[in-house]
Number of protein chains: 2
Amino acid sequence: MSDPSHPTPRPAARRATRAAGAGSAGGSSGKRADMVTIADVARHAGVAVSTVSYVLSGKRAISATTRERVLASVRALGYHPNAGARALASRRANVIALVLPLRSGMHLPVLMQFATAVVTTARTFDHDVLLMTADEGPAGLRRIAASAMVDGIVLMDVEMHDVRVPLLRTLERPSVLIGFPADPTGLTCIDLDFYRAGQVCVDHLADLGHRRIALLGAPAVVYDRETGFAHRTRAGFAEAAVRHGIAATTQPCPETFAAVHRELADLLARHPDLSGLVVHNEAAVGQVLTALAALGRRVPADVSVVAICPDEVAERANPALTSVLIPAEEVGRQAVSLLMRKLKGEPVPEATLLDPRLTVRASTGRAASSRSPA
Amino acid sequence: MSDPSHPTPRPAARRATRAAGAGSAGGSSGKRADMVTIADVARHAGVAVSTVSYVLSGKRAISATTRERVLASVRALGYHPNAGARALASRRANVIALVLPLRSGMHLPVLMQFATAVVTTARTFDHDVLLMTADEGPAGLRRIAASAMVDGIVLMDVEMHDVRVPLLRTLERPSVLIGFPADPTGLTCIDLDFYRAGQVCVDHLADLGHRRIALLGAPAVVYDRETGFAHRTRAGFAEAAVRHGIAATTQPCPETFAAVHRELADLLARHPDLSGLVVHNEAAVGQVLTALAALGRRVPADVSVVAICPDEVAERANPALTSVLIPAEEVGRQAVSLLMRKLKGEPVPEATLLDPRLTVRASTGRAASSRSPA
DNA sequence: CTCGCCTGTCGAAGCGCTTCGAGGGCGCCG
DNA sequence: CGGCGCCCTCGAAGCGCTTCGACAGGCGAG
């Protein structure tokens, strides 16, 4: 039995089942290196396994003395509960899934900010985060949901007619979407209010006296994919323009310098009186300023520019950009909070829209309307 | 979704233990919604639970007929193994941890590329990825390792004297580091060979006849933190400059336009003959070109610029930048492959250095050395 | 003084899966 | 024609944890 050359290691190493108290269990008797189990803690503290469990979970009252003794043993042994066993017994994995897109058109820095916020917030709720990419599609969601690997799901970059949305409705696990599909009924969605963001940008430019403006948007493919935020921004932009009675154009735009330059040149040629620009394309923000300079337009003297982008991008530009912040961190935090509330069975609102906040910086100024029109 | 008013849902829903064959188990009899277990599959296929397990794992020979029958049942019931139970019984979670930094100085797009590659590759090995941020530090690593939540760890942005490195050596779980600590003994590390990357950039400029060059690097804080890649690039840069007998300066640099402009102006003032620039700071790449233009220097006529950055950044710039690619995807893929090999118990090399590849684009040209100096 | 009720602790029964040793058939060699 | 392997399949024993019901004392109320 104890022959070390024997090819079946495990049975020989089985711990004796409470044979003679805490007899030979101490020290390094066979078994796997440092796997401290709850039974080890219980033995060390001289209590039952269930007592240790209750101390750790707080689900039943335990006297202060016992609790301290148990906690001391936990520390002494360096005990960490086995996640698999815990998940199996409690039917809670304490893990949430984060589904990130990896397609073009999304702004990476925002994504990272967002992911960071999700992880950090999840940890404050004692949860970990499983990272998935969207390319596994519905099958991937079904897999992690059915395997009970995660308790809930946070989904980014939801499209208007996302194939995963119907599935989410049928899934056991609660979910929170970043972005709004065409029909958000029965779901929990959160996002910056892009419609209002579009409006706010126009309001600002209109207040400064600009009478002809343009929206430089995401690459055309993003609109084609029916990504909600692009459409909603455009809609808000259009509505506000109409409301203010000013002329407005919308122009999708790729992110290369050449493309930005071309689109801007074209825009300025068609509308010589263009004096306000809303840029909803982070990657292009930098190019826009360079291109305007190359086209001989000063910012903000000739053209005012408002961007929808993270503050750091706006601040890093030259001149610093008046911008509507994309509150990635706030969205991430709230998404997790919403999910946690759903996990607790609490009711949550179907839609959460974060108010856009416009920060005025150096790139916008009064329209030179008094001057002669070029 | 089950009746929320009932306080004790489980005991009532216990399945009868094989009471009368497959009697009432079909359909929606009590119990939790769609949790299909391996027992359900076994019953449906008319085989033992262990047989189903062996079909799925392939660890024992199962006849073709039985296998087909079992697989048919798996599909029919939409069975997905419970991850917790599997992890508990097999001592393998089929999850790896990915530890990302979230400090400043790291280049977000590269990070995302990298994370994506890790997730995608892990999936091809039937593993999922748990996302951690570095701010949990060693305690976080210890936690996930001890909880058996992950089988292995991929760690990014390793510093020269990283506090987590000694811990990793003692941990049960295998790990792979992206980046090299000062002492990589006993670890598995992989990264672009930044030393050679620095050399390659200088070689290129020297070959073009440039006699005075400068390295515009990461913000000073990155060097202070003793981040390996920054130091190694600088060392390679310096070595090659000496070897070619050309004058070289190194300049850490923040990422704002103002800072880039200032540093460049300063550099050009001190060294009027400066004609070659190596930029190892992705976020500043765009600013550099704008600043050079503002300083009245043409690229590449007056100053040649080589960047160390992802191809897409280099290609998007105007003019397109000659660059050494940061092979984020390749690193991510290889890191996971290495980890998988370690999990299988295979030996792996301690150090893997990826060869830098220089792509010549429009931003470098022959030095105007024949012209009069300034 | 007795009863009922807390309070605090324990033992045991799983959670769903993997894995090991057994063992039933059956072809083949002697 | 008997027996020995071999190939498949099965049953059972856990993996480490949570949770439920039980129950030993101790206390205030009747």
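Throughout, a chain's letter reflects where its sequence line sits, starting with A, and its residues are numbered from 1.
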Starting the side chain at C-beta, find the nucleotide from C:dG11, D:dC10, C:dC17 nearest to B:T51. D:dC10

With the threshold set at 4.0 Å, does a side-chain nitrogen-carboxylate oxygen contact exist between A:D135 and B:R123? no

List the residues meeting side-chain contact (heavy atoms from CB on, under 4.5 Å) with B:P347, not counting sequence neighbours, and say none if there are none. none

Do the side-chain N or O atoms of A:Y79 get closer than 4.0 angstrom to the phosphate oxygens (OP1, OP2) of D:dC17? yes

With side-chain hydrogen bond (donor to acceptor under 3.5 Å, both in side chains) as the rule and sequence neighbours excluded, what pairs involving residues 70-82 of chain A come up? A:H44-A:S73

With a non-hydrogen cut-off below 4.0 angstrom, is B:V47 in contact with a base, only sugar-phosphate, or nothing? sugar-phosphate

OP1 or OP2 of D:dG16 under 4.0 Å from side-chain N/O of B:R91: yes

Roughly, in whole Å, what's the span from CG in B:L56 to P in C:dC17? 9 Å

Contact under 4.0 Å: B:S50 side-chain N or O vs C:dT19 OP1/OP2: no

Taking for each residue the nucleotide of DNA chain D with the nearest heavy atom, is it B:T65 or A:H80 whose nucleotide lies nearer the 5' end? B:T65

Once pairs are restricted to Watson-Crick or G-U wobble with both distances under 3.5 Å, how does DNA chain D read as a dot-bracket string, [ ] for crossings and | for other-strand pairs? ||||||||||||||||||||||||||||||

Roughly, in whole Å, what's the span from NZ in B:K59 to P in D:dC7? 20 Å

Side-chain N or O of B:S53 closer than 4.0 Å to phosphate OP1/OP2 of C:dT18: yes

Under 4.0 angstrom between A:R86 side-chain N/O and D:dT18 OP1 or OP2: yes

